2 protein chains.
Amino acid sequence: MAPEEPGSTAPAPAGPSPAGPSPAGATPPTLLDLSTYLLSRTGKAARSRLAERLARRGLRLWDMAVLAALADFGPHAQRDLVRRLGVDASDMAKVADQLALAGYVERARDAADRRRLSVTVTGAGRALLAELRAEALAVQDEVLAPLSGAERRVLHELLARVHAELPGTP
Amino acid sequence: MAPEEPGSTAPAPAGPSPAGPSPAGATPPTLLDLSTYLLSRTGKAARSRLAERLARRGLRLWDMAVLAALADFGPHAQRDLVRRLGVDASDMAKVADQLALAGYVERARDAADRRRLSVTVTGAGRALLAELRAEALAVQDEVLAPLSGAERRVLHELLARVHAELPGTP
DNA sequence: CAAAATCATAGGTCTGCACCCACTATAGGG
DNA sequence: CCCTATAGTGGGTGCAGACCTATGATTTTG
């Protein structure tokens, strides 16, 4: 079970870039060549850092998403938040409940359809969202540190286009 | 597991996101303005799609990483794989064990230090890695569909620089 | 009106990831 | 030799995310 493949030469890395820190060993080039891999890694770094900052406030990423949706598009019925954000209805109920308890949103039964709960962001919610946005920008600055302003704009534009076409996102 | 969308298998016959521009509602601009958010979302999409393809073969992302490390840098003591990939030693033992069982790697005790297990990729392992690489490229093609070749190269270069400076990666 | 559909919610499952501890085998210094 | 450190392993824990089901309240529809 060892058909030695002579041709499967590893793309031996000439050498770890002098500037590149590699105290623990370099990442395999086979992986680094994959945009998939880089996207996954950098995305995970961004997410986990932001999540960690939110966690310090007892919040999760969904909380921020809900506040953003309410601030950007105005009051939603809970079911519309579910549709817009693509989250499970049951999970949305929990998020909304927590946000309402903390005073960041208000919930009221829709008079027209008493099954529906209309969710509205409060002043406190808007203020919080502004802070969370600042946190996100701080993370962004941290993660994108090696890029110039112009490069960051290019990256953002490319990612926006990729994101726009992702199934499940629209 | 395709948490984002239901059928991620086939490239949508007609259009990616069915005609409707916002069948579910638009994403809040407050989020879309954050590169952090785009990075996280696209990264997650890439990751989950690749993971799903690997899962069909009974593999996980770590399996691919280990094979890549072995193919790129030659045989490793298990402990060196742990250092290079930044995974927990206990988890690495499990991954290596599974790979060995499937015949993708061989393990032998190091004669010099009989505590160490030297891990070597087999021919089958290299062949598998080539296939996994092809899968990753397919996912990449899927995710980066909206970008031209030149744009993909720019994106890759920017991501590579960002990734190189991420703490925890070195 | 009765039946079916819809909304919100409580509760639970499942999966993957990261991490931790206890234990064995081996190495190496004093 | 004894003692400490290291390598690998097995068997866990805890957490977060997505998902699923049942139920009560309400609206819509046949």
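Remember, predicted model here, so these are calculated numbers, not experimental data. Values below: every heavy atom of this structure, side chains too, minus hydrogens, waters and symmetry copies. Letters go in sequence order (proteins before strands), and every chain restarts at 1.
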- Message: The criterion is side chain to side chain contact (heavy atoms under 4.5 Å, CB included); which residues satisfy it with A:Val121, sequence neighbours excluded?
- Response: A:Leu67, A:Leu70, A:Arg126
- Reading 5' to 3' through nucleotides 5-10 of chain C, protein heavy-atom contacts under 4.0 Å coded B for base, S for sugar-phosphate only, - for none: BBSSBB
- Message: Using whole Å, what does the distance between atom P of nucleotide C:dT15 and atom CG of B:Leu54 come to?
- Response: 18 Å
- the helix from C:dC1-D:dG30 to C:dG30-D:dC1: angle between end helix axes, five pairs per end, rounded to 10 degrees: 10°
- Message: Below the 4.0 Å mark, does D:dA16 have OP1 or OP2 next to a side-chain nitrogen or oxygen of A:Trp62?
- Response: no
- Query: Partners of A:Asp91 by salt bridge (charged side-chain N to carboxylate O under 4.0 Å, His left out), sequence neighbours excluded?
  - Reply: A:Lys94
- B:Arg114 CZ to C:dT24 C1', in whole Å, measures 14 Å
- Task: Return the value, rounded to whole Å, for the distance between atom CG of A:Leu85 and atom P of D:dC19.
- Result: 14 Å
- Item | Euclidean distance, atom CG of residue A:Leu61 to atom C1' of D:dG17 [Å, nearest integer] | 11 Å
- Item | Counterpart residues, side-chain hydrogen bond (donor to acceptor under 3.5 Å, both in side chains), relative to B:Arg133 (two or more places apart) | none
- Message: Can you measure A:Glu52 atom CD to D:dC15 atom P for me and round it to whole angstrom units?
- Response: 16 Å
- Note on the structure: Rounded to whole Å, CZ of A:Arg60 lies from C1' of D:dG17 at a distance of 9 Å
- Message: Restricting to side chain to side chain contact (heavy atoms under 4.5 Å, CB included), what partner residues turn up for A:Ala150, sequence neighbours left out?
- Response: A:Ser148, A:Arg153
- Paired with A:His163, the side chain to side chain contact (heavy atoms under 4.5 Å, CB included) test is passed by just one of B:Val143, B:Leu39, B:Leu32, namely B:Leu32
- Query: Less than 4.5 Å apart, any side-chain heavy atom of A:Leu81 and any of A:Val66?
  - Reply: yes
- Residues two or more places apart in sequence or in another chain: which of them pass salt bridge (charged side-chain N to carboxylate O under 4.0 Å, His left out) with A:Glu106? none
- If you pin A:Ala51 and A:Ala111 to their nearest nucleotides in DNA chain D, which one's is more 5'? A:Ala51
- Query: How would you list, by chain and number, every residue that makes a salt bridge (charged side-chain N to carboxylate O under 4.0 Å, His left out) with A:Asp110, sequence neighbours excluded?
  - Reply: none
- Message: Holding to salt bridge (charged side-chain N to carboxylate O under 4.0 Å, His left out), I want the full list of residues that pass it with A:Asp97, two or more places apart in sequence or in another chain.
- Response: A:Arg107
- Between CZ of B:Arg47 and P of D:dA16 the distance, given in whole Å, is 17 Å
